[in-house]
There are 2 protein chains.
Amino acid sequence: MSEQGEFAVSPSIGGRHREIPEASVARLPVYLRALSGLAEAGHVTVSSEGLASAAGVNSAKVRKDLSHLGSYGTRGVGYEVDELVHHISNALGLTQRWSVVLVGVGNLGHALAGYGGFATRGFRIAGLVDADPSRVGEQVAGLTVRGIDELSEVVRTGDVSIGVIATPAGAAQEVCDLLVEAGVTSILNFAPTVLQVPDGVDLRKVDLALELQILSFHENRKSGVPAAMSS
Amino acid sequence: MSEQGEFAVSPSIGGRHREIPEASVARLPVYLRALSGLAEAGHVTVSSEGLASAAGVNSAKVRKDLSHLGSYGTRGVGYEVDELVHHISNALGLTQRWSVVLVGVGNLGHALAGYGGFATRGFRIAGLVDADPSRVGEQVAGLTVRGIDELSEVVRTGDVSIGVIATPAGAAQEVCDLLVEAGVTSILNFAPTVLQVPDGVDLRKVDLALELQILSFHENRKSGVPAAMSS
DNA sequence: ACGCGTTCGTGAACGCATTCACAAAGTCGA
DNA sequence: TCGACTTTGTGAATGCGTTCACGAACGCGT
């Protein structure tokens, strides 16, 4: 009874393990971070419950999420921390090193360039680029700022696939187009504006003002409606 | 036939207009920004289709979202830009000015303090706080950095309801607890760690490393599975 | 005044994500 | 070896968000 058919998907080459839902993908980095903490604290194994509380979610979600990677837990025991770190890193593609170009070296750009999270998680800053000629040549975080006209070259010679936009809103779409044209296929946008990208290019955004406004909504709700004081 | 019945919900006092779904709330700031652009470009009215393309979503979503605020569109015409800005601002609680305390004046903290998005959208930085004694007294963005021991006082005297955490990961939970204890009810966390807050406190996070890892996943998928690379 | 074209507002259908709940599979002590 | 206990992995149920599709309402030109 070798029931191959639809379950015999090779977990190795080609098709990982089905598709991992987007919502799960977004939580994997959180698990990874929680597991690092647990490993440092000396835990060899961890249960879904333990990982859940470290990651700030519930255990059912942890089990569902991890089940998308394969069956790496042991019933009655839990998950081996090191092994899980390896599998998650693998699923996220963190076993290989990705190169990043950072465009816009203003206040925020400086902070990002100096941010430790790049290097520690396998991301390499292949170049810093800015449109302001007075900034070109400046040394930031051990790198020399280059002109926007060199962006294409930086992307090609540095094997860059990820672009980070930290420019003012007005310049963001133009920079985005240049990045795409140069061959970048993933973009992280910090500029407070909506960007258009062609199919095949992944775009994520980080938006401070937006987050504050969402908090404002909830604050407003709290102060406006002092609980369920109807009746 | 004055069909009142269930449509005669007062949109003024008390119960706004039912509950606005979280997903809609998260898009309202985007609409607001798109509308600002449209207003500057001279548009007096805008259709759901027009707003949708400016905001990077589809028109059905726009109409559904806006319907939660009330019926402010005109069939056959669209929405009046100014009026819509007003209603969205109102729903988000942006007609009143919220005070913010920023904890952690490192690289990122500097960038945040200098970020224009605070002031331009009705948020006031009531104080900058840092635990490092060598930073206390320093002038940043026109404000004097104060010690962490003054946090509680800053919150109270400044009528602060929102706290922004831009400290290293190790200090974040402690700072978070202090903020909550001081009376802050909304927290925006930039530190790469999971925070625990009691019920009644809203928590949002902005996490660069997490975003990069999600992009990494998609890059990995793209390079691993050349997929439908037709013609 | 009236019909035509446009666009909103919304019930219904659909799909994705979360949660529930439990059988299966393992550990561990006696 | 065996039985009690723990914890995973996963179908099923539920809930939330998105999309569809269309009636209702409005402006405008004639």
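Chain letters run A, B, ... following the sequence lines, proteins first, then strands; residues in each count from 1.
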- [ ] Output the single nucleotide from dG26(C), dT19(C), dT7(D) whose closest atom is nearest the side chain of Ser47(A).
- [x] dT7(D)
Task: Protein-nucleotide distance (Lys64(B), atom NZ; dA13(C), atom P), rounded to Å - done: 13 Å
Open item on the list: Can you work out whether Gly73(B) or Gly76(B) has the more 5'-proximal nearest nucleotide on DNA chain C?
Closed with: Gly76(B)
- [ ] By nearest nucleotide on DNA chain D, pick out whichever of Val77(A) and Ala60(A) is the more 5' one.
- [x] Val77(A)
Task: Heavy-atom closest contact (Cys176(A) atom, Ile187(A) atom, distance) - done: SG-CD1, 3.8 Å
Task: Heavy-atom pair with the smallest gap, counting every atom of Trp98(A) and Gly93(A) - done: NE1-O, 2.9 Å
- [ ] Give the rounded distance in Å between these two atoms: CD of Glu22(A) and C1' of dT18(C).
- [x] 16 Å
Task: Below 4.0 Å: OP1/OP2 of dT8(D) and any side-chain N or O of Ser48(A) - done: yes
Task: Donor/acceptor link under 3.5 angstrom from Arg75(B) side chain onto base of dC26(D) - done: no
TODO: Give the rounded distance in Å between these two atoms: OH of Tyr72(B) and C1' of dT7(C).
DONE: 19 Å
TODO: Take atom CG of Asp65(A) and atom C1' of dC16(C), then tell me their distance rounded to the nearest Å.
DONE: 13 Å
Task: Nearest-Å distance for atom pair OH/C1', residues Tyr79(A) and dT27(C) - done: 16 Å
Task: Worked verdict on Phe217(B) versus Leu28(A) for side chain to side chain contact (heavy atoms under 4.5 Å, CB included) - done: CA-CA 10 Å; Phe217(B) 172 85; Leu28(A) 292 181; 5.5 Å; no
Open item on the list: Within the 3.5 Å criterion, strictly below it, is a donor on His87(B) or Glu80(B) matched to an acceptor on the partner's side chain?
Closed with: no
Task: Nearest-Å distance for atom pair CD/P, residues Glu80(A) and dT8(D) - done: 14 Å
Open item on the list: Please tell me if Lys61(B) has a side-chain N or O lying less than 4.0 Å from either OP1 or OP2 of dT19(D).
Closed with: yes
Open item on the list: dT18(D), OP1 or OP2 - any side-chain N/O from Asn58(B) closer than 4.0 Å?
Closed with: no
Task: For atom CZ of Arg63(A) and atom P of dA24(C), their distance in whole Å - done: 17 Å
- [ ] Using atom CG of Leu66(A) as one end and atom P of dT8(D) as the other, report the distance to the nearest whole Å.
- [x] 9 Å
TODO: Let me see the working for Leu151(B) and Leu179(B) under side chain to side chain contact (heavy atoms under 4.5 Å, CB included), right down to the final yes or no.
DONE: CA-CA 8 Å; Leu151(B) 193 152; Leu179(B) 285 168; 3.8 Å; yes
Task: Candidates dT27(C), dT18(D), dA17(C) - which lies nearest the side chain of Ala23(A) - done: dA17(C)
